[in-house]
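Please read the structure below before turning to the comments.
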Amino acid sequence: MARGTGKVAKSDIVTFNKKKFRFSDWFAEKVIKSVAFLSIAIVILIFVFVFREAFPIFRMDKKVAASSELMVQESYGGSDSGSTEKVADNQVGNSNKTQTPGDSPSSTLLSKTWMPVSDNPRYGMLPLFLGTLKVTLIALLFAAPLSILAAIYTSMFAKPRIREVIKPVIELLAGFPSVVIGFFALMVLASVFQNIFGYASRLNSFVGGIAMGLAAIPIIYTLTEDALTAVPKTFTEASLGLGASRRQTAFYVVLPAAVPGIFAAVVLGLGRIFGETMIALMATGNAAMISMNPFDSVRTLSATIGAEMAEVVFGDTHYNVLFLIGSLLFIFTFALNALAEFYFKNMVIRKYQSKK
Amino acid sequence: MNEIKVKVKDLSLWYGTNHALKSISMDIPEKMVTAFIGPSGCGKSTFLRTLNRMNDLIDNVTIDGEVCIDNINIYDKDIDVVNLRKKVGMIFQKSNPFAKSVYDNIAFGPRINGISQKSILDEIVERSLKQAAIWDEVKDRLFNSALSLSGGQQQRICIARSLAVNPEIILMDEPASALDPISTAKIEELIHELKKEYTIIIVTHNMQQAARTSDLTALFYMGDLIEMNRTEVIFSNPAKKQTEDYISGRFG
């Protein structure tokens with residue numbers, strides 16, 4: 001005991017009266033923090049870029065009104081002399097057809113024709129909107145009931161062993177590249193449906209919708225399954241204890257309790273369908289026309305970008321319009337995801353907590 | 001002693017290979033309160049759940065033996081479990097009202113039985129809530145969420161909900177263990193009232209509660225039924241040393 005009481009090295013004693021700087025901790029924290037903020041920054045920058053490229057469309061109008069020739073200069077500014085000549089020819093052609101030369105791009109945005117590369121380009125997005133709406137609706141009507149019922153089955157009726165097989169298999173479908181689903185729709189589904197329904201155009205919104213539904217099923221299924229299993233077991237017990245059958249318990253107790261979560265699942269699935277490009281490109285026929293018939297070809301917003309962006313002249317009105325479509329898609333999917341994330345998820349949380 | 005309502009013969013239960021109930025036999029009389037006591041994990045809750053086949057929900061359970069309710073073995077192949085559970089209601093340890101209004105909670109049972117006429121439902125709701133001694137507290141907020149009520153009120157809502165399907169037997173799995181003394185007293189009073197019409201079987205950790213509320217008490221230990229007798233006898237003059245040790249707090 002007495003040995004070296006005074007001599008024990010001071011450094012052995014743990015002192016805590018002074019903050020110690022630990023470099024590795026500090027460094028790790030900063031790295032993690034900056035990575036997190038970087039990803040947010042990237043998203044915001046993409047957002048800004050897309051909007052910036054879409055914006056000139058609205059500014060251009062004023063100049064067009066002032067001088068139509070200026071518009072030609074503006075929009076084809078970067079192109080070679082050959083195309084400038086061609087544009088000049090177009091301009092003459094337009095005047096000959098007594099079309100007002102100042103048919104400004106943004107005034108055609110709401111027209112009924114999408115003809116971006118004609119002599120008198122028209123950027124009517126109505127057929128694109130209608131097409132997207134049609135395909136989305138068909139996809140949703142196909143995918144939502146299927147995946148919700150499948151989720152009900154695996155979460156409430158299936159034996160654990162069957163559940164362990166079905167769940168991962170459906171979730172595996174999420175890993176399918178959409179080009180594969182698109183190819184399948186193009187080669188197989190289109191022919192099969194044509195034989196069954198006997199419609200004229202082989203690729204149409206129905207085929208595309210079903211294929212996109214296939215892509216959305218895993219998302220809706222997984223999230224619905226989670227929502228259903230998150231319903232407290234005590235609800236199930238209470239219901240069964242009252243003499244309700246399994247079916248009654250599933251549909252009258254568990255399902256209503258999971259409704260907000262299921263809504264979130266459907267909305268996220270909707271977002272996926274909405275932005276799906278490759279399947280739309282391959283299976284919908286890509287004809288921008290206004291028609292209510294589900295068996296007519298359609299062109300969706302995202303497929304339009306996918307198909308035309310590679311061939312568009314940089315800085316052209318057409319280019320700007322495509323970015324406008326891009327920003328609209330961005331806003332829609334962003335809104336849908338935000339709705340699912342903030343509104344429905346809060347509803348779930350509020351539902352299970354007793355409020356005093 | 002009243003007539004025998006539930007007759008259990010050589011009931012054994014395994015969770016996988018774990019022998020949780022070992023050849024239990026007992027008679028439970030009608031319109032009386034029977035309490036099961038014993039230390040945690042002794043099998044009393046498991047045994048309670050065999051009486052309306054709630055253990056069916058758990059995988060990997062093997063059951064052997066007979067449970068006869070009104071002389072019908074509920075483990076027969078032909079038994080309709082759904083209707084059995086209408087006859088044998090259950091109250092759980094943690095009150096579990098649905099995330100619906102008070103009214104919809106009580107009306108749930110009648111509705112799944114196909115009653116949709118509003119006047120009949122109103123009547124059932126009012127009668128059940130009165131029977132569960134909570135009508136006065138909730139009559140002005142029947143359409144508020146049941147989850148907005150206090151824990152004790154929620155538990156009485158659950159009791160009212162099970163009464164609404166006209167059970168004959170009510171199983172209670174530690175119904176007051178999560179409640180404060182005042183709410184507990186209310187539940188105990190309620191049990192006293194209910195035994196006039198229903199056969200009540202209650203699992204409890206609280207020996208005073210068993211002594212206060214029950215007519216008969218059964219002590220479980222390690223999956224065995226140690227002793228079952230009239231409550232006064234169990235608490236004043238038990239036949240077995242083990243029982244005496246347990247109720248005097250020397251083990252368990």
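Lettering follows sequence order; numbering is per chain, from 1. Please read these numbers as outputs of a predicted model, since none were measured by experiment.
- Among B:Ile112, B:Asn113, B:Leu171, the residue making the largest number of heavy-atom pairs under 4.5 Å with chain A is B:Ile112.
- Only the side chain of B:Lys100 has a heavy atom closer than 4.5 Å to any heavy atom of chain A.
- A:Ser239 places no side-chain N or O within 3.5 Å of a backbone atom of A:Phe235 that could act as its donor or acceptor partner.
- Exactly one residue among A:Thr136, A:Leu133, A:Ile138, A:Thr132 makes a side-chain contact (heavy atoms from CB on, under 4.5 Å) with A:Ser205. That residue is A:Ile138.
- Residues A:Thr284 and A:Gly208 approach most closely at CG2-CA, 3.8 Å, considering heavy atoms.
- Under the rule for a salt bridge (charged side-chain N to carboxylate O under 4.0 Å, His left out), A:Lys159 has no partner lying at least two apart in sequence or in another chain.
- Within a 6.0 Å sphere centred on CZ of A:Arg246, heavy atoms belonging to other residues, nucleotides or ligands number 12 at most.
- A salt bridge between A:Lys167 and A:Glu171 is present, with a side-chain N of the basic residue lying under 4.0 Å from a carboxylate O of the acidic one.
- Against chain A, the residues from residues 48-78 of chain B that qualify, each with a non-hydrogen atom under 4.5 angstrom away, are B:Arg49, B:Met54, B:Leu57, B:Asp59 in number order.
- For B:Val88, the part sitting under 4.5 Å from any heavy atom of chain A is the backbone (N, CA, C, O) and nothing else.
- Contacts between B:Phe98 and chain A at a heavy-atom distance below 4.5 Å involve backbone atoms as well as side-chain atoms.
- If you measure heavy-atom distances from A:Thr236 to chain B, you find no contacts under 4.5 Å at all.
- The aromatic rings of A:Phe193 and A:Phe197 sit tilted relative to each other, their planes meeting at an angle between 30° and 60°.
- By the salt bridge (charged side-chain N to carboxylate O under 4.0 Å, His left out) test, B:Asp173 is found to be paired with no residue, residues two or more places apart in sequence or in another chain being considered.
- When the shell of 6.0 Å around OH of A:Tyr252 is examined, it contains 12 or fewer heavy atoms from other residues, nucleotides or ligands.
- A 6.0 Å sphere centred on CD1 of B:Ile182 holds no more than 12 heavy atoms belonging to other residues, nucleotides or ligands.
- Contacts of residues 157-169 of chain B with chain A at a heavy-atom distance below 4.5 Å involve B:Arg161, B:Ser162, B:Val165, listed in sequence order.
- Ring geometry for A:Phe332 against A:Phe129 counts as perpendicular: the plane angle is over 60°, on a 0 to 90° scale with 30° as the lower cut.
- A:Ile273 contributes atom CD1, which lies 5.0 Å from atom CG of A:Leu140 (distance to the nearest 0.5 angstrom).
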